[in-house]
Amino acid sequence: MPVNAISWEPTKMLSLPYGNKICGSKNKSNRFPEFNAVLDVQSMPSNDPPQCNKTLSKRFEMPNPKPDAQGSINESKKVHLHKLHQGLASCSSMAELKQYHAQIVKLGLQADNDAIGRIVKFCAISRNGDLGYALEIINTLPHPDAFIYNTVFRGFLQFRLSDDCIRLYSQMLRNSVTPNKFTFPPVVRACAFGNSIDEGKQIHAQVLKFGFRSDGFSQNNLIHMYASFESLDDARKVFDKMPQRDVVSWTTLITGFSQSGRVDEAREVFETMPEKTPASWNAMIAAYVQTDRFREAFSLFDEMRLNRVELDKFVAASMLSACTGLGAMKQGEWIHDYIKRNAIEIDPKLSTTIIDMYCKCGALEKAIEAFNELPSKGVSAWNCMIGGFATHGKGENAIELFEKMEGESVKPDYITFVNVLSACAHSGLVEKGRYIFRHMVETHGISPGTEHYGCMVDLLGRAGLFDEAVKLISEMPMEPDVGVMGALLGACKIHKNVELGERIGKKVIELEPENSGRYVLLANIYATASKWDDVANVRKLMNDRGVKKTPGFSVIEVGSTVNEFIAGGRAHPESREIYAKVDEMLAGIRSIGYVPETESVLLDIGEEDTENPLFYHSEKLAIGFGLLKSKPGEVLRITKNLRVCKDCHEASKLISKFYNREIIVRDRSRFHHFEEGACSCNDYW
DNA sequence: GACTAGGCGT
């Protein structure tokens with residue numbers, strides 16, 4: 001995109017409002033050598049209303065440029081112009097716009113800021129605009145006004161061209177155009193987006209010097225800017241110094257703390273808010289959801305309802321996501337019903353959230369129903385539904401839906417193919433996967449990324465096609481990442497390919513030394529080959545590096561309560577009954593052939609004890625609790641944070657047979673539907 | 001003539 005050519009002057013720093021405390025690790029210094037000179041406001045008076053310094057004001061002593069050389073616009077021109085403005089308001093394309101522009105030029109108004117401002121506005125910020133054209137126009141104007149500059153700032157911001165926005169701002173000053181209150185919100189946001197810390201601080205100085213200390217919009221954007229620099233102390237200072245804070249100031253600060261991972265401080269701010277809007281409630285609820293603190297999200301949501309605050313689409317989305325996190329389908333269903341009952345707009349984001357909730361809660365049928373109900377389906381809804389089929393091991397359905405999507409002329413994107421390929425991998429559809437991989441490139445012109453390669457390696461590896469998988473990796477145009485290598489490692493585990501597994505395992509561990517799962521996998525590969533010394537070495541390496549195994553937990557929703565279990569845990573108030581039920585359950589399945597499987601446990605415990613922790617894996621406790629609390633025939637839905645271990649998998653199959661129950665377990669990477677002694681994954685996970 | 005806060009998935 002063409003950007004104005006500007007000649008720059010030597011630099012000179014100005015003093016900053018808040019010292020230089022921000023550490024600029026992410027700061028890009030010296031990107032705007034011109035900037036400091038232009039932004040020199042040392043000599044500017046700070047009185048309201050905004051003024052500029054003497055040098056600048058000279059320009060403003062000149063009479064404003066008149067629309068035409070002869071003087072004011074005559075009456076017939078005025079009428080014509082009025083009609084033009086009306087037409088422009090409903091203009092829908094650049095072709096049409098250029099015709100209006102031509103007429104304005106014909107009227108001799110090519111330098112008239114009022115008329116040209118409307119043209120620039122369309123180009124810069126309309127959906128069918130052309131920012132480049134706006135820039136060309138601005139370069140031809142002898143005296144573009146603040147409105148025109150501000151409009152183009154917004155245009156730059158829409159395209160995330162923050163550096164260009166900042167450059168144009170300095171050009172505005174060089175052209176002696178005084179910023180107004182609409183100038184700073186977009187310019188400050190540009191600094192935030194571009195992580196331009198030095199420039200941001202200087203522009204902050206300008207906000208004050210130009211007299212916008214009391215302008216809520218400018219100040220709120222400054223809060224946002226410092227928060228995005230993760231300089232919460234400065235954000236807080238701006239907030240504290242504001243003569244009048246509004247609900248946006250509070251909400252911005254809450255989000256700032258939350259996005260810097262300081263959720264508890266966000267809560268403190270939230271608690272002190274004088275009045276709360278749904279946006280403020282949601283900012284806090286989302287803070288909990290984003291940090292997996294789902295229970296706190298639920299309890300805040302209850303509080304919100306007690307305060308008679310109605311939920312809107314944002315709160316609904318956050319809470320649906322909390323339901324997804326906990327596997328709390330009934331609660332999620334309640335929110336979905338609420339959305340429908342209250343005609344809350346289901347936009348593309350909300351629709352993916354709804355579908356994802358049902359998919360991840362194991363209710364594929366309900367997800368399909370929700371998907372079919374959507375009045376219009378964006379690509380993300382299709383992606384989400386295809387991904388749902390994939391994780392449920394319904395590869396054929398995923399492909400069928402993908403073909404339907406193509407049939408309805410919805411353009412598949414990068415993610416679509418990640419999900420379709422992952423569906424092929426989960427269902428072992430090798431030939432189809434190879435075809436889709438080619439189809440993606442040849443028909444849709446999407447070049448494969450690491451995720452696509454990861455899926456292909458997963459697919460080929462699971463099918464035992466190691467040579468082809470290794471060859472594919474060697475052909476990758478980029479470095480294979482840990483996802484790709486991890487997929488190969490997983491395949492080595494399944495097929496007991498010790499030699500390759502050892503090589504890849506070591507590599508993967510070095511790529512991700514803090515991920516305990518990788519060590520466990522390598523240790524298990526050694527264990528299957530009875531290489532006990534190597535098992536011990538991996539374990540020692542883990543200990544030496546202080547890498548802890550992720551504690552496993554499982555969650556089951558019974559009635560309206562969500563119950564969480566950790567392996568061997570006894571924190572549940574009914575733990576005695578639960579353990580008794582688990583013992584009964586294990587005795588039951590032993591009678592139909594259950595033999596505890598110990599292979600997949602990292603052997604860091606004595607032989608004798610090996611059996612017990614397996615008996616009481618969180619998943620078995622959750623199933624025991626489910627059997628205890630649910631009616632016969634009711635489906636048990638369990639969500640687990642780790643992958644199902646081989647023993648639990650075998651046990652779950654037999655439990656489903658012994659008790660004649662359908663059990664749906666969501667693990668870290670997919671779903672297992674246990675029914676009549678078999679699993680939907682065909683023991684292939 | 002116009003500006004700022006909160007949501008999803010891969």
Side-chain angles (χ1 to χ4, degrees), chain A residues 85 88-89 113-122 124-125 145-151 153-154 157 180-189 192 212 215-225 227 245-256 258-259 266 270 273 276-287 289-290 297 311-322 324-325 344-357 359-360 378-388 390-391 413-422 449 451-452 454-455 483:
Chain A
H85 289 169
L88 255 172
N113 283 335
D114 185 27
I116 293 295
R118 292 163 208 262
I119 298 281
V120 170
K121 185 180 170 190
F122 180 90
I125 59 181
D145 63 7
F147 175 82
I148 290 174
Y149 278 108
N150 298 346
T151 306
F153 296 151
R154 286 167 63 197
L157 208 57
N180 65 16
K181 65 171 182 167
F182 295 103
T183 303
F184 291 107
V187 176
V188 167
R189 277 198 107 64
F212 299 111
D215 177 57
F217 287 91
S218 299
Q219 296 297 322
N220 289 342
N221 279 295
L222 285 168
I223 297 173
H224 167 87
M225 181 188 81
R245 288 172 280 273
D246 60 19
V247 66
V248 179
S249 327
W250 289 88
T251 308
T252 308
L253 193 62
I254 289 170
T255 308
S258 121
Q259 292 188 342
F270 178 78
M273 280 186 83
K276 301 179 176 87
T277 62
S280 355
W281 285 95
N282 185 52
M284 201 54 236
I285 290 172
V289 173
Q290 285 154 7
L311 57 161
D312 60 11
K313 65 174 177 175
F314 297 97
V315 178
S318 299
M319 285 312 299
L320 281 168
S321 178
T324 308
I344 291 174
E345 183 208 357
I346 302 185
D347 63 19
K349 285 181 181 176
L350 190 54
S351 56
T352 52
T353 317
I354 295 166
I355 294 164
D356 193 54
M357 184 275 293
C359 286
K360 296 230 173 91
V379 64
S380 60
W382 289 91
N383 289 353
C384 200
M385 198 60 241
I386 291 170
T391 52
D413 64 7
Y414 187 95
I415 303 296
T416 314
F417 287 101
V418 173
N419 291 352
V420 177
L421 290 172
S422 134
E451 291 98 331
H452 301 118
C455 291

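All values below were derived from every heavy atom in this structure, side-chain atoms included, with hydrogens, water molecules and symmetry-related copies excluded. Order of the sequence lines sets the chain letters (A, B, ...), proteins ahead of strands, with each chain counted from 1.
Nucleic acid contact for Lys360(A): sugar-phosphate only, since backbone atoms but no base atoms lie under 4.0 Å from a heavy atom of the residue.
With sequence neighbours excluded, the residues satisfying salt bridge (charged side-chain N to carboxylate O under 4.0 Å, His left out) with Lys313(A) are Glu345(A), Asp347(A). With sequence neighbours excluded, the residues that form a side chain to side chain contact (heavy atoms under 4.5 Å, CB included) with Thr416(A) are Val379(A), Asn383(A), Ile386(A), Phe402(A), Met405(A), Pro412(A), Asp413(A), Val420(A). Every residue meeting the side chain to side chain contact (heavy atoms under 4.5 Å, CB included) condition with Ala266(A), not counting sequence neighbours, appears here in chain and number order: Ile254(A), Phe257(A), Ser258(A), Met284(A). The salt bridge (charged side-chain N to carboxylate O under 4.0 Å, His left out) test applied to Arg189(A) returns no partner, not counting sequence neighbours. Scanning for side chain to side chain contact (heavy atoms under 4.5 Å, CB included) contacts around Ser380(A) gives Pro348(A), Thr352(A), with sequence neighbours left out.
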query: How would nucleotides 1-8 of chain B be written as a contact map, 5' to 3', with B for base contact, S for sugar-phosphate-only contact and - for no contact, using protein heavy atoms under 4.0 Å?
result: BBBBBBBB
